[in-house]
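Note that the structure is predicted; figures quoted are calculated from it, not measured. Here is the naming used below: chain letters follow the sequence lines, and residue numbers restart at 1 for every chain.
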Amino acid sequence: MNGIKIFDSIRNIEITINNHKEEIEKLDQEIGDGDHIFNILRGLQELLNLKDKLVDETSDKIFKQLGMKIMTTVGGSSGALFATLLIGMSKKFNPELNDLNNLSEMFYEGVESMKKRGKSDIGEKTMLDVLIPVSKTLINLKDESNISKVAEKIIIVAKDGMLSTKDIIATKGRASFLGERAKGHIDPGARSSQLAIEAICNQFINN
Amino acid sequence: MKKFVNEVDNILSESLIGFGKAHSDIINVNLSPDFVSRKNKPNKDKVSLISGGGSGHEPLHGGFVGYGMLDAACPGQVFSAPTPDQMEAASNEVYHNKGILFIVKNYSGDIMNFEMAADMIDHANQTVIVNDDVAVEDSTYTTGRRGVAGTMIVEKTIGSLAETGASLDECKNFGDHVNNMTASMGVAFSSCTVPAAGKPTFELSADEMEFGVGIHGEPGRRREKIKSANDLTKEILDNILEDLKPNNNQEVLLHVNGFGGTPLMELYLLFECGQKLLEKKNIVVTRSLVGNYTTSLEMAGGSFTITKLDENIVNHWDSPVHTSSLRWKI
């Protein structure tokens with residue numbers, strides 16, 4: 001893990017999310033207030049702008065600064081939650097561990113912090129329906145030697161999590177204001193999280 | 001999209017700069033981080049009131065900064081919660097030795113960002129969460145009811161109490177009390193267009209309305225055919241009164257709020273419908289407010305808010321206030 005790899009991932013996430021911009025916006029307008037995609041794209045652009053400044057720093061410092069940047073520029077629920085994820089991840093960085101071990105522990109910590117911030121858990125029709133299963137799977141597979149295999153598995157878990165939000169009646173997030181009316185719709189936060197995870201995983205498979 | 005725009009990305013900052021210049025006698029505007037604060041600092045120690053939320057609801061909250069109401073307001077991007085660094089900077093600017101009271105509409109993004117701010121600041125602080133919208137039922141879900149047009153009534157009355165030198169606890173408790181005495185509900189006749197999106201947030205046919213709409217155009221209870229103003233008033237007020245359970249001869253404040261795209265002529269008509277109906281139910285409207293105070297960009301439609309009055313609430317409602325959008329007795 002280093003600055004170049006981290007910023008490559010952000011670039012890949014930005015490209016993927018941009019390719020699905022209209023789909024995510026539509027999902028959000030059906031059950032939210034339509035601001036999700038703009039917040040995400042604005043945030044990703046802000047992060048990419050930090051590349052020259054941060055690329056040579058240690059990974060924990062990069063994650064912390066990325067989190068602070070999201071916190072101060074994005075706003076909304078997604079800003080608070082993604083900032084919490086990144087700052088949480090920065091706290092668990094351990095340069096002694098290999099990348100998969102490190103990333104698994106960091107991601108787990110980040111997702112746990114998010115659960116606390118959003119007072120939310122799995123099964124509530126939010127992005128956590130993607131992130132929690134991914135974080136658990138990563139912990140289970142953290143000693144696996146075949147990185148491509150782990151990445152392929154994570155892509156499937158993330159997709160299953162995203163699709164699971166379709167049949168849940170929301171109890172958290174904007175969609176909760178809709179109750180039954182949100183049923184049958186995929187949560188936009190779950191979709192964008194799943195796309196981001198898939199973008200990162202593809203980077204490992206392609207290498 | 002037809003709006004007054006130069007660059008979509010600059011809408012908020014250009015609007016804030018204009019707001020600052022237009023009301024330079026009352027407020028200062030700080031940019032990056034964005035917040036609005038009072039021009040004339042209080043000359044005594046007092047609890048500092050800070051509110052904020054997404055932009056697009058003007059005059060809420062910046063229009064209520066000034067003597068007798070807020071000390072500062074933090075505007076986020078259109079319909080997006082402000083960020084914690086804004087609240088931190090505003091807190092440092094307006095702290096006046098008696099603690100900070102945040103007034104937050106109950107939307108998850110606002111709640112989380114204000115919580116993060118509360119963690120970051122060194123001053124004693126508390127938060128009043130406003131959740132006056134009865135359209136979506138309160139439940140075991142922590143997101144619960146939304147905070148809408150009743151927020152400005154909470155801001156006005158706590159603002160008045162804070163000017164008397166009341167403690168942070170007293171202000172917090174009074175804010176919770178006013179929130180409990182207040183209930184709102186609205187309908188939308190048309191959508192609004194978030195500038196960054198460039199197209200309407202939702203679609204309504206010519207003869208449809210969104211009943212129980214939220215202040216971002218987010219769906220309410222149901223979509224249905226429009227009705228007469230009297231029928232709409234009855235349906236909305238029945239929901240509000242079921243929540244407030246007023247006594248016989250209860251005195252109330254009746255606030256008719258426009259969402260931005262409905263003429264005042266219709267809002268006054270709606271006030272007449274509401275007042276008449278309440279009179280029949282032996283509820284006495286002794287205070288009134290009609291106008292566009294908590295808007296949703298250019299959305300057509302409006303909401304009723306009722307606050308049950310007691311001696312304290314009336315006194316703090318009537319007391320002098322000097323902000324850009326609410327001014328009396330001064």
Side-chain angles (χ1 to χ4, degrees), chain A residues 21-22 24-26 28-43 45-46 67-84 87 113-114 116-121 124-127 169-182 185 189, chain B residues 8-9 32-33 53-56 74-86 88 107-117 120 133 135-137 139-146 191-197 199-203 212 214-223 296:
Chain A
K21 191 176 153 180
E22 269 143 36
I24 296 169
E25 189 185 346
K26 192 158 176 291
D28 196 27
Q29 287 183 346
E30 279 162 359
I31 65 172
D33 60 1
D35 67 349
H36 180 66
I37 187 67
F38 310 110
N39 288 332
I40 298 264
L41 287 175
R42 195 171 71 240
Q45 198 50 57
E46 294 280 355
M68 293 303 283
K69 193 69 188 174
I70 292 281
M71 184 178 92
T72 56
T73 55
V74 173
S77 314
S78 45
L81 290 168
F82 284 121
T84 303
I87 294 168
S113 311
M114 261 178 131
K116 280 189 208 116
R117 176 67 63 205
K119 299 181 189 77
S120 191
D121 211 325
E124 298 180 339
K125 204 181 183 87
T126 70
M127 58 178 128
I169 296 173
T171 59
K172 288 288 188 313
R174 302 255 187 184
S176 69
F177 294 125
L178 284 178
E180 285 280 348
R181 267 170 72 168
H185 292 285
Chain B
V8 168
D9 289 344
S32 307
S55 292
C74 304
Q77 293 293 320
V78 173
F79 292 175
S80 280
T83 56
D85 56 315
Q86 292 175 253
E88 186 188 30
Y107 276 97
S108 45
D110 293 316
I111 298 286
M112 283 185 238
N113 281 281
F114 273 88
E115 269 180 16
M116 289 168 93
M120 282 159 68
D133 189 352
V136 185
E137 295 299 322
S139 67
T140 52
Y141 313 139
T142 61
T143 35
R145 294 176 5 174
R146 303 176 288 214
S191 180
C192 48
T193 298
V194 175
K199 52 181 187 250
T201 304
F202 61 103
E203 302 283 341
I215 54 172
H216 310 86
E218 73 272 33
R221 284 200 187 167
R222 61 185 176 271
R223 192 163 288 189
S296 309

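When each of B:Asp9, B:Asp85, B:Ile111 is checked for heavy-atom pairs under 4.5 Å with chain A, B:Asp85 comes out on top. When each of A:Gly79, A:Ala83, A:Ala80 is checked for heavy-atom pairs under 4.5 Å with chain B, A:Ala80 comes out on top. Note: B:Ala196 leads B:Gly53, B:Gly214, B:Ala196 in heavy-atom pairs under 4.5 Å with chain A. Note: B:Pro84 leads B:Pro84, B:Pro33, B:Pro82, B:Gly76 in heavy-atom pairs under 4.5 Å with chain A.
Taking CE of A:Met114 as the reference point, atom CE of B:Met112 lies at 9.0 Å (rounded to 0.5 Å). The distance from the OG atom of A:Ser77 to the CG atom of B:Asp110 is 8.0 Å, given to the nearest 0.5 Å.
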Open item on the list: As a quick check of understanding, evaluate side chain to side chain contact (heavy atoms under 4.5 Å, CB included) for B:Met116 and A:Thr84, giving each step before the final call.
Closed with: CA-CA 9 Å; B:Met116 289 168 93; A:Thr84 303; 3.7 Å; yes

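B:Glu115 touches chain A through backbone and side chain together, each having a heavy atom under 4.5 Å away. Contacts between A:Ser78 and chain B at a heavy-atom distance below 4.5 Å are absent for every atom of the residue.
Not a single salt bridge (charged side-chain N to carboxylate O under 4.0 Å, His left out) links A:Lys21 to another residue, sequence neighbours left out.
Nearest heavy-atom pair across A:Thr72 and B:Thr83 is O-OG1, 3.4 Å.
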